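Just so it is clear, the model here is predicted, and its values are computed rather than measured.
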Amino acid sequence: MQDLDPLQAQRYIDELVEHRELQKQGMRANNTAAAKDMYNTLGNAFKSLDNLMVRTGGYAIVFVTHGHVNDTAMPTWHGTHNTMDFFKDVLDLAPDDVCRKFEQWACTRDQNLLQRDSLENVRRACIRLIKSGLGVAGKSGKDVSMNYDNYDTVIVKNLHIKLVGWPKDVPFSSPSKIYTIAEMRTLRDALKYGDCHWVTLSAKEVAKHSKSLTTHCQAGETIGKPRAPHFDRGKKQGKRNTNGKEKGRQSKKPRTGNQQKQRADTNVASAAAEGRNDENEEDESEDED
């Protein structure tokens, strides 16, 4: 092995990397092996999670279930400290009930790994991750929507937050406008593992960003997507009074209950009169015959 040339050494390294990746994500031979792998891996993961929450003082909840009715792995859940009280206090459900519903949901979908990782599902996951991170970073308490066309003004300048770590080989646009599964998976993985995440800007960073936008505007560059012109653009508008109405146009007063009743009675009387006239005309025509 010491006398290998660079090409042979690189080939052995690539094979080793491929073997390790297969060990991490390779499919198990049968359901029994898959259940044993899930049991052993979750045991280590739960211990690491408990230690992490002790070190950081956070809370964590994990639900795990099989994805097919023939799988022998048992659904389970794990919560650190007293986190499982959340379900009873807030949702009025026991953790076992939630886990059972989760198992039913997963098995009734009956999707294999390729179907779970389809373009539509990955796109939906990206939209959900971006929107949830935007709501947390914005701290406005409102349902804020992502604006890709006017991102620099509506999001960065107004909300003082920024999405960093967007993959370089993925165009910065709405996931609904990305049509390749490879790009969608790259973006999904970056969002899921925290490589792409929201950050809050300081006052100094916001001022620097605003100054940069002003410089680009003065240079004649268009920032974002301009708004569509109004339908009556170029037409002369009438003067408006203090109530926001055009001058010379008399605003209608809302009808009271009595006025509405009188109008309804008038309509009924008119309809009845028209009906009588029609009957008279029919009688007259019959007499002429």
Side-chain angles (χ1 to χ4, degrees), residues 13-133 136 167 175 181-182 184-197:
I13 293 175
D14 294 340
E15 291 178 355
L16 178 61
V17 171
E18 183 180 358
H19 174 74
R20 290 177 176 177
E21 290 296 327
L22 183 62
Q23 289 295 108
K24 289 191 296 184
Q25 297 186 352
M27 296 288 293
R28 294 300 173 251
N30 50 57
N31 292 333
T32 303
K36 185 176 180 180
D37 186 11
M38 183 180 293
Y39 176 79
N40 294 332
T41 304
L42 288 177
N44 296 329
F46 291 160
K47 291 178 182 178
S48 300
L49 193 61
D50 288 336
N51 294 333
L52 175 63
M53 296 303 105
V54 170
R55 296 195 304 268
T56 60
Y59 290 88
I61 300 174
V62 179
F63 284 91
V64 181
T65 184
H66 50 253
H68 193 273
V69 293
N70 294 329
D71 292 344
T72 58
M74 296 298 296
T76 184
W77 51 266
H78 180 79
T80 60
H81 305 300
N82 61 336
T83 52
M84 306 315 294
D85 295 340
F86 164 80
F87 294 97
K88 193 64 180 178
D89 296 342
V90 179
L91 304 179
D92 197 22
L93 289 172
D96 290 335
D97 295 334
V98 178
C99 191
R100 191 176 302 109
K101 292 179 181 296
F102 182 41
E103 178 188 10
Q104 293 174 353
W105 174 84
C107 292
T108 53
R109 293 179 68 85
D110 194 21
Q111 292 182 342
N112 57 35
L113 296 179
L114 292 178
Q115 292 172 331
R116 299 179 199 177
D117 226 22
S118 64
L119 178 62
E120 180 181 356
N121 290 336
V122 176
R123 177 183 290 131
R124 191 183 300 114
C126 290
I127 294 174
R128 188 183 301 114
L129 289 169
I130 293 174
K131 186 174 182 179
S132 62
V136 173
I181 186 63
M184 288 302 308
R185 288 174 179 170
T186 301
L187 178 59
R188 188 269 316 270
D189 293 341
L191 292 167
K192 184 168 65 173
Y193 298 122
D195 298 331
C196 181
H197 58 279

NZ on Lys47 to CG on Leu42, rounded to 0.5 Å: 12.0 Å
Minimum heavy-atom distance Met38-Val64, with the two atoms named: SD-CG1, 3.9 Å
NZ on Lys101 to CG on Asp96, rounded to 0.5 Å: 12.5 Å
Contact check, side chains of Val98 and Trp77, non-hydrogen atoms, under 4.5 Å: no
Worked check of salt bridge (Lys or Arg N to Asp or Glu O under 4.0 Å) between Asp97 and Arg100: CA-CA 5 Å; Asp97 295 334; Arg100 191 176 302 109; 2.9 Å; yes
Short side-chain to backbone donor-acceptor contact, Thr83 and Ile61, under 3.5 Å: no
Separation between CG of Asn51 and OG1 of Thr56, rounded to the nearest 0.5 Å: 10.5 Å
Exercise: identify the closest heavy-atom pair between Ile130 and Pro175: CD1-CG, 4.2 Å
Heavy-atom closest contact (Thr186 atom, Pro167 atom, distance): CG2-CB, 3.9 Å
From CE (Met84) to CG (Asp89), nearest 0.5 Å: 11.5 Å
Note, Asn82 side chain near Tyr59 side chain (heavy atom, < 4.5 Å): yes
Pair Thr41-Asp37, side-chain donor/acceptor within less than 3.5 Å: yes
Closest contact, heavy atoms only, Leu191 versus Cys126: CD1-O, 3.9 Å
Closest approach of His81 to Gly58 (non-hydrogen atoms, all atoms of both residues): CD2-O, 3.8 Å
Separation between CG of Asp92 and CZ of Phe87, rounded to the nearest 0.5 Å: 13.0 Å
Lys192 atom NZ, neighbour heavy-atom count above 12 within 6.0 Å: yes
Closest approach of Ala106 to His66 (non-hydrogen atoms, all atoms of both residues): CB-O, 3.8 Å
Arg188 (side chain) donor-acceptor with Asp117 (main chain) under 3.5 angstrom: no
All ring pair (Phe, Tyr, Trp, His ring centres under 6.0 Å) counterparts of His78, not counting sequence neighbours: Phe46
Nearest-0.5 Å distance that lies between atom CD in Glu120 and atom CD1 in Ile181: 10.5 Å
